[in-house]
Amino acid sequence: MLTAEICVNLAAKNIFQVYTYVVPQKFSFLKKGWRVIVPFGAKIVDGFIMEVKDTDKKFDFELKEIFDVVDNEIWFTPPMFAMASWIADFYLCPLSQAMALFMAGTHSKKIPPKTEIFIKPAEIFSETKLTKTQENFLQNLRERGEIPLKEIKSSSIIKKLLEKNLIVKESRRILRDSYANVDAVQKNITLTAEQKKAVDTVQLFIKSKMHAGFLLHGVTGSGKTQVYIELTKIARQLGRSALILVPEISLTGQIVKSFKAHFSEVTVIHSGLSIAERNDIFYKIRKGEVGIVIGARSALFTPLDNIGLIVVDEEQDSSYKQDAPPFYHAKIIAEQFAKIQNAVIIFGSATPSFETYYRAKSGKLFYLEFSHRISNNPLPQVECVDMRVELKAGNKSVLSFALKNLLEETLKNQQQAILLLNKRGYSTFVMCRDCGETVRCPECGLPMHYHITDKTLKCHYCEVEKIPPKICPKCGSKRIKYFGTGTQKLEEILSEELPQAKILRMDRDTTAKKFAYDEILESFRRGDFDILFGTKMVAKGHDIPNVTAVGILSADSVLNFPDFRAAEECFDLITQAAGRAGRGDLPGKVIVQTYNTEADAVKFACQQDFKSFYDAEISKREFLFFPPFSRLVKLIFTSKNKEKIFDAAERIVNSFKLEVATNSATRQEIFGPIPAAIENLRGEFRFVVLIKTADLEIVRGFLRLHNLQISPNVQIDFDPLTTN
């Protein structure tokens with residue numbers, strides 16, 4: 001009897017075993033790596049074949065048969081299996097959950113490939129009498145070689161010629177590619193001395209097929225992308241592939257253009273593509289038609305093999321962290337993948353994360369520095385404006401006098417500007433002026449934001465929507481006030497104060513549809529608009545030569561977050577946004593508006609001095625035993641019973657102190673339980689326990705010992721971005 005050991009693809013976190021199924025005769029071709037559809041209890045689910053074997057073993061129960069296959073080929077390659085196994089072990093999640101990351105979407109049913117029928121001339125022609133129309137059609141067909149059936153209007157001609165065996169039909173798979181028509185023009189580029197040194201250093205490892213990790217720390221506009229391109233050329237010349245990761249979809253368009261100017265075999269993958277499109281991409285990769293993959297974090301899970309180069313661009317970006325189980329970090333997985341493939345990995349950034357920069361300074365990564373922009377163009381001039389002084393001077397606008405003057409001067413010179421306000425919506429909260437009641441989300445309790453376009457209140461965490469109240473539900477007052485400024489309100493203010501300007505908003509609301517990011521940026525790059533404004537997506541990676549002015553509103557707002565990374569994020573946002581100015585031949589000017597000019601993050605960001613900021617901040621991290629001096633593990637305990645789940649969390653804390661913290665040779669600390677930032681989510685109470693460790697494996701062993709990885713009431717987040 002032919003049987004298969006199958007890992008079922010279910011969301012249940014406590015399924016850590018495989019199940020045995022009978023392989024029907026019609027599926028005798030199945031091997032390890034195929035995806036199949038199987039009965040599981042009362043459900044029909046998909047699963048992954050881990051092993052196929054011929055056995056005479058007698059079972060105490062009746063085995064069920066494999067119901068169907070999902071694909072027309074093996075899905076999981078050996079490197080994909082190796083990575084899935086590593087992810088399951090590292091993140092303490094079921095193997096099925098790890099393997100599900102390598103799927104192109106939900107596959108509970110087959111998704112047939114797109115096909116098209118072509119008409120071709122028969123190889124052997126029989127002598128037969130033809131009409132003039134038939135003769136003309138055949139002549140045209142022979143000249144063209146083939147014609148898509150959908151282009152042929154006369155079905156009678158096709159029918160007659162098929163009967164005479166003069167033509168044949170051929171069905172062919174059509175591979176969808178949303179980026180096929182991306183225009184790209186190759187430029188003659190001479191590498192700078194810093195670029196050439198970086199390429200010469202890294203290529204030695206690519207050519208010798210040795211794993212090595214690099215931090216490419218370059219100021220904004222210093223030409224990091226061109227180095228990625230040159231190293232990709234070397235990898236491809238050696239027959240090895242390249243994986244280029246960017247943090248968000250909004251960054252793919254520009255980097256795709258840059259790569260397509262040099263390579264014809266580029267494919268792009270991210271969550272914005274349909275399942276069918278991603279299936280086609282996987283097919284092309286397996287057939288060897290693609291050797292370069294560009295995409296967001298999901299691009300890690302393609303079947304790309306024989307990788308010589310992995311690039312993690314803008315490596316400091318929080319978008320690389322998955323916010324749902326298994327809570328993986330793409331940087332960590334990418335580095336492990338590079339080790340498995342004996343590949344080079346490059347972490348690139350103008351504002352590297354403290355963890356990555358510390359590793360480079362400690363010699364665990366090779367350090368490459370670009371201290372100058374291309375052609376030695378100067379970094380933009382940055383002016384810090386204290387909004388407290390503006391208010392005392394009678395300016396109640398969100399635009400300081402200096403920023404408004406800069407925008408007017410920019411418009412006068414027919415140049416362009418970018419404004420960053422990292423709050424979407426119209427107003428950031430709605431409150432009763434009489435009793436202070438704030439309208440909060442019924443699911444999570446966070447203040448709801450007002451969106452003027454559809455006149456609704458929205459929770460930016462749960463996406464819950466509701467109609468704004470006309471009277472206070474607590475005291476009955478009609479004095480409902482809308483506070484704060486979001487991007488929608490900024491749009492209104494710009495229209496009033498700069499009526500001559502053509503303005504364009506880019507935030508989550510305006511980029512909901514497919515390729516909206518690229519369309520907005522392209523229209524701005526063409527000069528159709530004078531001012532591009534929006535949330536932090538306007539600050540990332542865009543290279544538009546005519547942008548000479550940048551304004552950063554509420555630059556210090558992130559400093560109010562109760563998190564150890566707040567200062568780092570503030571510095572990053574200001575520096576990255578400022579870097580959009582003056583990237584062409586014209587000098588740039590940046591206005592940073594803040595209520596906290598004394599903060600190190602603001603002060604050093606305005607000076608564009610990463611190293612001084614790092615030196616000022618790193619001692620605080622060391623004293624408090626935060627990364628890079630520790631690894632964090634966040635445990636989130638959830639239950640509808642508040643007392644019960646708090647007691648369960650407290651027992652774990654006490655056990656850790658007794659079993660680990662007091663006995664470990666390395667530093668181990670545990671804190672909590674404390675209420676989560678969102679204490680009550682959809683009726684479930686949430687408490688957080690935070691572990692700081694100098695030895696992650698010890699903590700992982702403790703979690704396994706107490707079976708927390710299978711507990712339905714506990715979520716385990718390794719290397720969380722926030723502590724609460």
Side-chain angles (χ1 to χ4, degrees), residues 179 182-207 212-238 240-247 250-268 291-295 307-317 343-352 366-379 521 525 540-547 576 579-585 588:
Y179 290 83
V182 170
D183 294 327
V185 179
Q186 186 169 346
K187 300 176 182 178
N188 292 323
I189 294 175
T190 302
L191 297 182
T192 66
E194 289 179 329
Q195 287 175 319
K196 189 174 186 307
K197 181 180 178 181
V199 171
D200 289 344
T201 301
V202 178
Q203 70 171 327
L204 297 175
F205 293 89
I206 297 176
K207 290 179 176 179
F214 292 83
L215 168 60
L216 177 49
H217 182 192
V219 298
T220 55
S222 58
K224 294 184 287 293
T225 300
Q226 191 59 42
V227 170
Y228 306 154
I229 289 170
E230 297 301 323
L231 292 173
T232 299
K233 289 179 182 178
I234 293 167
R236 294 306 295 141
Q237 288 167 2
L238 297 170
R240 307 192 74 188
S241 51
L243 175 61
I244 315 297
L245 298 179
V246 294
S250 58
L251 298 184
T252 55
Q254 184 162 307
I255 201 165
V256 169
K257 279 191 173 183
S258 299
F259 269 77
K260 282 211 166 188
H262 297 268
F263 307 98
S264 60
E265 48 170 343
V266 176
T267 194
V268 183
I292 303 168
V293 173
I294 299 174
I307 297 176
L309 174 68
I310 298 177
V311 172
V312 184
D313 195 28
E314 303 295 350
E315 66 84 28
Q316 82 291 343
D317 199 284
V344 164
I345 185 167
I346 298 177
F347 300 102
S349 179
T351 55
F366 293 101
Y367 184 66
L368 303 169
E369 184 177 16
F370 290 180
S371 55
H372 303 285
R373 281 185 160 184
I374 298 296
S375 302
N376 281 320
N377 289 342
L379 289 169
L521 286 172
R525 186 175 283 107
K540 296 183 177 182
H542 315 310
D543 190 349
I544 301 172
N546 199 39
V547 171
Q576 292 287 344
R580 301 314 109 206
R583 296 174 74 96
D585 296 330

Just by distance, do the side chain of [X] and the backbone of [Y] share a donor-acceptor pair under 3.5 Å?
X	Y	value
Lys224	Leu216	no
Gln226	Leu191	no
Arg583	Pro545	no
Arg236	Glu265	no
Asn377	Gly584	yes
Glu194	Phe370	no

Which heavy atom of [X] sits nearest to which heavy atom of [Y], and what is that distance?
X	Y	result
Ser241	Ala235	O-CB, 4.4 Å
Gln576	Ser349	NE2-OG, 4.3 Å
Ile229	Ser258	CD1-O, 3.6 Å
Thr232	Tyr228	OG1-O, 2.7 Å
Thr220	Arg373	O-NE, 2.8 Å
Val199	Glu230	CG2-CB, 3.9 Å

### Full working for side-chain contact (heavy atoms from CB on, under 4.5 Å) between Val312 and Ile345
CA-CA 8 Å; Val312 184; Ile345 185 167; 4.1 Å; yes
In Å and rounded to the nearest 0.5 Å, what is the [atom1] to [atom2] distance from [X] to [Y]?
X	Y	atom1	atom2	result
Leu309	Arg240	CG	CZ	9.5 Å
Leu368	Leu215	CG	CG	7.5 Å
Ser222	Gln195	OG	CD	7.5 Å
Lys197	Glu369	NZ	CD	9.5 Å

#### Entry: Option among Glu315, Glu314, Gln316 that satisfies the side-chain contact (heavy atoms from CB on, under 4.5 Å) test with Pro352
Glu315
### Message
Among Val311, Ile206, Val344, exactly one meets side-chain contact (heavy atoms from CB on, under 4.5 Å) together with Leu231. Which residue is that?
### Response
Ile206
### Task
Decide yes or no for Asp313 and Ile244: does some side-chain heavy atom of the first lie under 4.5 Å from some side-chain heavy atom of the second?
no
### Query
Within a strict 4.5 Å, meaning less than it, do heavy atoms of the Thr225 and Asp543 side chains meet?
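No, their side chains stay 4.5 Å or more apart.
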### Query
Should we say atom NZ of Lys233 is surrounded by more than 12 heavy atoms from elsewhere, each under 6.0 Å from it?
yes
### Query
Using 30° and 60° as the class limits, which term best fits the ring planes of Phe205 and Phe366: parallel, tilted or perpendicular?
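Rings of Phe205 and Phe366: tilted, 30 to 60°.
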